[in-house]
Structure formats: C-alpha cells, structure tokens
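What follows is one structure encoded as structure tokens, with my remarks underneath.
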Amino acid sequence: MEQYNQKEIEAKWQKNWEKSDLNKAEDFSKKSKYYCMIEFPYPSGEGLHVGHCRSYTALDILARKKRMEGNNVLFPIGWDAFGLPAENYAIKTGQHPKVTTEKNVVTFTRQLKSLGYSFDWSREINTSDPNYYKWTQWIFLKLFEKNLAYKTKMDINWCTKCNVGLANEEVVNDKCERCGGDVVRREREQWMLKITAYADRLLEDLDKVNYLEKIKKQQSDWIGKSHGAQVVFKIISKTELVEDKGYYLPVYTTRPDTLFGCTYMVVAPEHELIQKFADQIDNYDEVLDYIELTKKKTELERTNLEKVKTGVELHGLKASNPVTKEEVPIFAADYVLSTYGTGAIMAVPGHDQRDYDFAKKYNLPIREVISGGNIKKEAWTGDGVLVNSDFLNDLNVQQAIDKMIDWLEERELGFKTTNYHLRDWVFSRQRYWGEPIPIIICPECGYVPVPEKDLPVILPDIKNYRTTETGDSPLAKVEDWVNVACPKCGGDAKRETDTMPNWAGSSWYFLRYVDPKNDKVLADFKKLKYWIPVDWYNGGMEHTTLHLLYSRFWHKFLFDIKVVPTPEPYAKRTSHGMILGEDNEKMSKSRGNVINPDDVVNHYGADTFRVYEMFMGPFDQATPWSTQGVVGVSRFMEKIWQIGNNLDDKKRTNDDDLIRLMNKTVKQVTEQIETLDLNTCVSAMMILVNKFQNEGCNKEIFEDFLKIFSPFAPHLCEEIWQKLGHKKSIFLEKWPKYDIKLIKDEAIEIPIQVNGKVRSKIFVTQDMSEEEIKKTALSDEKVKKNIGENEVKKFIYVKDKIINIVI
RNA sequence: GCCGAAGUGGUGAAAUUGGUAUACACGAAGGACUUAAAAUCCUUUGGAGUUAAUCCUCCGUGCGGGUUCGAGUCCCGCCUUCGGCACCA
C-alpha cells in the first residue's frame, strides 16, 4: 500500500506548475475572457491569515474550473504594500518600511505558493513600486486638472497617537481605526477629492452591476441620498448685527410639511452661529462649557446616553419661524451633527422622536400638526392628515411637502433640495509610507502640478519616520527633496509633503493587472477593452463600503476622461464570511486563538487545508475553525488516494446506479461552484467517494471525479492523474459534462402522508399514471391501517414529490 | 438606538426554495483487527414513551399566533446572538 505523502507531492507539483504556462492569461486570446479577482493582501508582518485563504481558495476553484471550461482566465495577485503598520514598525525599530515590506512579501509569496493557487504570477504588482505609483500619481494629476482635487482648510480628525489626519471613515468610536489612539478635532489644510460630484452616478449605476443585495444596500446607505428642503430662519438678537440684512440660519429637513409644528431649533455645538453671536448670548460661558463637554465625549458615550439628550439654550437669541413668524428658542445640542446637512435643524417634537425626547426634558411645547398618532405618548412619524397648519390643513404628508416647498420658493425662504450623507474624500496624510502627492507649492503660482514627464515623484529615503512637531509629514525635513524650482515660473518652490492614503493604490489596481509593465500609459486601452470589467470580485465585507466606493469613483472618473472602456469596474462582487477562532471569537493575537496557515499546511497538507476551508460552512457566513473538522477532511483525502491507487478496471464497468450518482454529482459541482456553495459541493463528492469505496469504481468514472475535484485539491488530483498514465496535466482536460437523462431515477420512492404525517412510502416508475399511483397508494397496508374507517376527503399527488391523503 | 445577517442534534452544518427535517462531516458509544495501542473498517447515535422486537406512538427547526392538504421555508407579533454604523433630521 503506497503512502499518501502529501508534502512531497505538493512540492513536486508546485515546482512543475511554476515552470508551465498553465496559469498564464493571454491578452486578446480568441477564447472568451474571464477575469476573476480577490482583494490583494496587505503584506503585514503577521503573515497570511486563514481568512485570506477562504477567499483565495474559493476563487482559485472558480478560476481553475473556468479554464477547464475553455476560458482565457485572468486570476492575478499583487501587494497593497503601502500602509501604516509598516510605518509604525519603522518608527519603533528604524527599519525602512520598504525593507520590512519586501520581507513580508517574500513570506506571503512563499505561503501563497505553498497552497497551490493558480495565480498568474507574471502579472504581480506592488503599489509601493515607483513604476506602479507613477500612475497613482498620474490619476491624481488628472483629478487636479479636472478640479476634482482641491485643498481646503477644514476640521479634520486628528489622531493624537499617530499624529496624522484621518478621514471620518477611518475613525472608529472616536479612536483611530489603525492605532486606537484618541482622536481630536484640529484644523488643517487638506487635499480633498470631490467624490460627491459622483454621488448620483455611484448610486444609480448600482443597477448595472451584480453585487450581493446587502452590498448594494451598504453602498447606497453610505451615499445616503435624501430628498427634502432647505429652509431659512431669521435670527433675532437683542441688538441687530452690523450685517445689513440680518442673519438667516439655513436648515435642511426632509419634512418641510411639519414646519407649523416647529417649536424650537437646535444647532450643532460646533455651529458658526455661536461664535458669530457670542456677545449676544447671555449665557455664553455656560454654552462654552457645554461645547467643551461635548468635545470630551466619545462617540461611545454619546450612543450609550442615547435616551438622555443634553443641550443648552442660547439665551438672548431667538429664531423666527418663516411660516408662523413665531419666535422660537435656539439650543446647542450634540445630537445635531455639524457634518450633516447644514449643522442645524428645526425641531418638530410632535413628529420626530429625538426632538420629542429633548422637548420633554426641557419642557418645550409639543404641537401636533399631523393626525394619526398620540403625541401625548410619543412622536408620530407616520402619514396622516395635516392639522393646525393653516394652508396645509387637510392635506396628506406628500401633498403638504409639495405645497410647503412651493410656498417657500415663492417667498425665497427655502427651496427643494437633496442631501447626501457622502462627503468629500480627505486625501491627505501626514505620513511617510505612501505615494507623494505630485504637487509643487509656489509662492507666486500657487499649487502647480508636477509635469507628467517628471513622474513618478519618488518617495525619498529617510532616517526618522516620525511626523514633525507641527504635524507635517516626515518628508518636510528632507530639504533637498522639498526645495525645487517651480515648473511654471522657475522660482523657489516647495514640494507638497503630504502623501496619499492607503486607499489610493487599491482604487485602480485591477486595471494594472491587465498591463502591469506598461510605461507609457497606466494600461493599454485595447487590453483594457479586452479584460475590463472584472467579471467576479470577492473580498471581505469590511471593504464593501469604503474601498468599493472609492474604486468605483476613480473608475468612473477614468471612464469620463476616456482612459477605461466601462463605467463600472466590477461586474460582480461577493463577500466571504469571517473565519473565527476555535472559541468562536474573532481571531486575534491577544486572544491567542490565531490559526497559522503554515502549521496547517505542514501538518495536514495544502489540499486538506483548501478542502477543509471550503467544507467548513457556507461561504458567506462566519464560521469557527475546527481542528477536528480538518482531521475529517484529511481522512477523505487519504481515502481518495487509496481508491486512486487501487483501481480495478474490471470492477463495476457499467453500473447504472454509479453512473447516475456520478452525473448527479457533476451537475451539482458544476452549478454550485458558480454560486460558491462549496460546502455542499464537497459533501456531494464525499458521498460519491463513499460509494466508490463501498462498491468499487472503474477508471473512467474515477477520472471524471478527479477532474471535478481537481480545482479543490489540485496536487492530489494531478498526482493520481499522472499515476493513471497521463502525460499532460489534468488542468488541460475538459470539464466533464453530465447527461440530464441519466440523472433521473427509474423508480422514485415517494412518501405517503395521511393528514400531513408520513405513514408509508411507495416506489413509482416513470410510466405509471396518476390513477395507478393512487390505487397503489390506497392499497398500501400501512396507509389502509391509518385511514381505517374514515372517509378520504382529498387525495393530493405532487408529481415525483409526495402524496398526501386527507381524511 | 438604527441597518444588515442569522437562530435546526453533543458540534460544524444539509434540506432541490412550500413537499420524507437532521444529508455530509466531527464527536461519542459498542464491535472487528491487534499481545496492546494508534490507524483502519463495521454498527448505533434528536428527545420522550412503549415493546419480545431495530414493531409502534407522540413531541421536535429560538418563542407565540396565523395561512395551507402540507411550514425550517410564507405572513403577523416577540426574544436572543453576531456583524456594521454616521443620533442622518
């Protein structure tokens, strides 16, 4: 009995495949193209995670199957190599991020190759490679040219630990997403990208793509388009401001119909109104105290104090309701956010629960303007007929909204508008390990783009990776790099020292795979036309808002300037579930529940590891790791090895039963790879192999099995394939076909229920008429017994499924 | 608080989308082989009751209702867990 030495076999085939062209994608091949892609990894010092492997194995199976089905498959790999961990490590140890990143890439490469993934390594890319980031910088220049990149002074999130600015999106619970440090507000000049200019298209074009519904929902929620009106309230102060026409406070509301029910107003604690009217506010000190308090509050504290709304009235100021001319009080309260709408709201406690809670606490009047609820108990947010609203009375909500907007527009007190949650993308980082922003700041000419011929702007080597005391990037200290001549006027100028965020390089990498070595353009247009869009993109759920949205934005921009041929980058997007530790918790170093792929591969082999990860549970759901489960798969692999090495050609050459199950399995595996129902694919093949083991199998059938199993366990199948006398790789074989006629059983066993309970089973054949079946069923002993003396009221026969007799 | 996903044996999970609930795998128990163990193979394995019996009966997919000949699946109302979040006006 020959031993299954997986280690030897896997090393042997990995070497052989590397020498072959099996996985090379061919530009302009006449075969139909298939571009499938996984999210390229950030090469962290921790090495490959078993979660990476879940995604990579699934799409590797897809890629291998697509090739066997005759497609020209592009399945590429690369490195999302810029990133903060490498920089933080450099700050700690003084090691250049380039050096540690290179080291990590070597580790990742070894690990990925040890798993036998069929990547086309000839197209490997690295975002920190100047030949790559030259084009990241080029895209920035184009955005700048089209006024989609601008610099502005703004309050940004400032991580006190990393000393970097963070996009809102990167702040988690008022802590820095990457380092966990405290985040405070701080004003700074920042490069911004105008993603909001694309908000509508990013939303509408979701109809054009095949993303999982939940992913689409996340995208559209993040864009957050709402319809409503902007309304202005005149501010009344004790002394009129010097400004001639007075101060009008604009608010955004989705419910202008409730304007008659507005009994107070709220501005965000950060609102400019407070500064502007500082000397008019009687309790200014109290207000300042409140603002200070708000700043200290973490997001978490705010959410925990959910029910207890806090705020402070701005004594001395009133706002005039534009429709009632009533003067209402103004509050500053942290439940209003400065970042959404205009940072101020009209409060309608009768019809908004948050306003209602606030009004109750501060004893403010609650007025019903829409009937249908009981505002003594809670706010009524549903539809109803308008009351107490003068010219809106008796209308329903939608009619009232329309009429109110007309009324406001006529008097120039407001207008219909939409609002987006989506805000412009903060693109500056005061960091070292990122793409330098290719801009030169000239005292005469302002922001001058680096001429295209001078790209890439190479990231210079430095010794000290720490942000400067002023919060500038460490690049600011590299004087011979910073000081340059202005490309426009030739005078003394300085380079921009901010670098790009991690998202930049990953926003377009799928384009570079198409033409990774091009030094004339980011990728040849004809090649892009052949390959783009990506047919299937899989990645983690955590990237389905930010990364996905950013890369769609860049792609749309590139489409507008005619650099790419399609408006959308990814035709299809799926996400995989997390792999949890054996304790059912998220894997983390601190919990000590991390599973290292190397250990699994060394102990059980790559094929076992791959098959286990597919078998462990539904692909899109979180599942805990189970070492016992790996053992089970390991036995399965051993079983296949033994059967493959002991095939008896004379045994079972033509058995209908076996052929039927084989055809069924081919059908199921063929279909379910396409839906990534890989756990049930594996179990179907286990059932087949159990049959082989119990009843024997001939060579022909076993070879078909090897073909459908080869994407899952490539090394094992290739080895047995060779041992069965084949000279060429199994991956050059055609994907097996199945015959639908052979799948149907001649006789089907169907259950008979009496009053919905299974009482017996009978066999029916294809040629039996319904009458015959009924007769057979009713004459069945057990059925007879259960019917007894009762009258048969109904006889239900669902073809090939079930019989139900109602008595 | 809001949004999303889920809840089925001791465990990971199946169930052709309204048609035999628990496939496949793990674990456990018993047996075979062995001096013994490991490995491997065979049998049993949702619960309760009942029986000479592996006969038979009832219960059973988070909870409570409903629709249907028939519900894990559909509808209404809850509970719990996980993931995400931006009190979004």
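Just so it is clear, the structure is predicted and the values come from calculations on it, not from any experiment. Every chain is numbered from 1 and lettered A, B, ... according to where its sequence line falls, protein lines coming before strand lines.
Glycosidic conformation at B:rU40 (O4'-C1'-N9-C4 for purines, O4'-C1'-N1-C2 for pyrimidines): anti, more than 90° from 0. Look at B:rG9: its glycosidic torsion is within 90° of 0, and that puts it in the syn range.
In this structure, the nucleotide among B:rA14, B:rC24, B:rA89 sitting nearest to the side chain of A:Ser683 is B:rC24. Comparing B:rG12, B:rC87, B:rA89 by their nearest atom to the side chain of A:Tyr335 picks out B:rC87. Between B:rC24, B:rC42, B:rG83, one nucleotide has an atom nearer to the side chain of A:Ile687 than all others, and that is B:rC24. When distances run from any side-chain atom of A:Lys639 to the nucleotides B:rA21, B:rC41, B:rA89, the shortest one goes to B:rC41. Taking every side-chain heavy atom of A:Thr254 into account, B:rA89 is the closest of B:rA14, B:rC26, B:rA89. With B:rA86, B:rA89, B:rG19 as the choices, the nucleotide that has an atom nearest any side-chain atom of A:Trp222 turns out to be B:rA86. Ranking B:rC42, B:rA89, B:rC69 by closeness to the A:Asn694 side chain, first place goes to B:rC42. Closest contact between the side chain of A:Thr623 and the listed nucleotides B:rA21, B:rA13, B:rC24 involves B:rA13. Closest to the A:Pro624 side chain, of the nucleotides B:rU40, B:rC24, B:rG12, is B:rG12. Checking B:rG83, B:rA25, B:rU20 against every side-chain atom of A:Phe615, the shortest atom distance belongs to B:rA25.
Nearest-nucleotide positions on RNA chain B for A:Ile223 and A:Ala344 put A:Ile223 closer to the 5' end. In terms of position on RNA chain B, the residue among A:Tyr252 and A:Gln693 whose nearest nucleotide sits closer to the 5' end is A:Gln693.
Between A:Asn679 and the phosphate of B:rG12, there is no side-chain N or O to OP1/OP2 separation shorter than 4.0 Å. In this structure, A:Arg635 reaches the B:rG27 phosphate: one of its side-chain N or O atoms is under 4.0 Å from OP1 or OP2. Checking the phosphate oxygens (OP1, OP2) of B:rC59, a side-chain nitrogen or oxygen of A:Lys757 falls inside 4.0 Å. For B:rG70, the OP1/OP2 oxygens have no side-chain nitrogen or oxygen of A:Gln753 closer than 4.0 Å. For the OP1/OP2 pair of B:rU57 and a distance below 4.0 Å, the side-chain nitrogens and oxygens of A:Arg759 include at least one atom meeting the criterion. Close to B:rC69, at under 4.0 Å from its OP1 or OP2, lies a side-chain N or O of A:Lys794. In this structure, A:Asn804 does not reach the B:rU20 phosphate: none of its side-chain N or O atoms is under 4.0 Å from OP1 or OP2. The side chain of A:Asn584 contributes no N or O atom lying less than 4.0 Å from OP1 or OP2 of B:rU11.
Base pairing annotation: B:rU35 forms no Watson-Crick or G-U wobble pair, as no partner gives both donor-acceptor distances under 3.5 Å. Under the Watson-Crick or G-U wobble criterion, with both distances below 3.5 Å, B:rU57 is paired with B:rA48. Pairing for B:rU80 is with B:rA6, a Watson-Crick or G-U wobble pair whose two hydrogen-bonding atom distances lie under 3.5 Å. With a cut-off of 3.5 Å on both pairing distances, the Watson-Crick or G-U wobble partner of B:rG19 is B:rC69.
At whole-Å resolution of the value, CG in A:Leu549 and C1' in B:rA86 are 14 Å apart. Rounded to whole angstrom, the span from the CE atom of A:Met614 across to the P atom of B:rG12 amounts to 19 Å. With rounding to whole Å, A:His351 atom NE2 is found 16 Å from B:rA89 atom P. Atom CG of A:Asp620 and atom P of B:rG12 are 17 Å apart (whole Å). Between the CG atom of A:Leu546 and the P atom of B:rG84 there is a distance of 13 Å, given to the nearest Å. As a whole-Å value, the separation of A:Phe795 CZ from B:rG19 P is 19 Å. When rounded to the nearest whole Å, the span between CE of A:Met265 and P of B:rA89 equals 17 Å. Separating the CG atom of A:Asp334 from the C1' atom of B:rA86 is a distance of 14 Å, rounded to the nearest angstrom.
No engagement by A:Asn419 is indicated, since no non-hydrogen atom pair under 4.0 Å with the nucleic acid exists. Among the protein residues, A:Ser626 comes within range of no part of the nucleic acid, since none of its heavy atoms lies under 4.0 Å from any strand. Residue-level contact check: A:Val758 touches the backbone only, with heavy atoms under 4.0 Å from sugar-phosphate atoms and none from bases. When heavy atoms are screened at a 4.0 angstrom cut-off, A:Gly224 is found touching no nucleic acid atom at all.
Nucleotides B:rU22 and B:rG9 are separated by 7 Å at their C1' atoms, to the nearest Å. B:rC69 and B:rG77: their P atoms are spaced 24 Å apart (whole Å). Distance check on atom C1': B:rU8 versus B:rA21 gives 8 Å, rounded to whole Å. Taking atom P in both B:rG19 and B:rC74, one finds a spacing of 11 Å when rounded to whole Å. Here, B:rA36 and B:rA25 have their P atoms 29 Å apart, quoted to the whole Å. As rounded to the nearest Å, B:rA23 and B:rA14 have P atoms that lie 13 Å from one another. For B:rG10 and B:rG49, the P atoms lie 16 Å apart once the distance is rounded to whole Å. A distance of about 34 Å separates the C1' atoms of B:rC2 and B:rU11, rounded to the whole Å.
When only modelled atom types and interatomic distance are considered, A:Tyr335 and A:Asp355 share a side-chain donor-acceptor pair under 3.5 Å. Side-chain contact, A:Asp200 with A:Tyr420: a donor N or O sits under 3.5 Å from an acceptor N or O. With 3.5 Å as the limit, one finds a donor-acceptor pair spanning the side chains of A:His576 and A:Asn538. Using modelled atom types and a 3.5 Å distance limit, the side chains of A:Thr342 and A:Gln230 yield no donor-acceptor pair. The closest side-chain donor-acceptor pair between A:Asn663 and A:Asp739, if any, does not fall under 3.5 angstrom. In the model, A:Asn419 has no side-chain atom that pairs as donor or acceptor with a side-chain atom of A:Ser226 under 3.5 Å. A:Ser55 and A:Glu39 share no donor-acceptor pair across their side chains, judged by distance under 3.5 Å alone.
Once rounded to the nearest 0.5 Å, the distance linking CG of A:Leu249 with NE2 of A:His271 reads 5.0 Å.
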For A:Asp402 and A:Lys416, what are the C-alpha separation, side-chain angles and deciding distance, and is it a salt bridge (charged side-chain N to carboxylate O under 4.0 Å, His left out)? CA-CA 9 Å; A:Asp402 295 341; A:Lys416 188 174 184 171; 5.1 Å; no

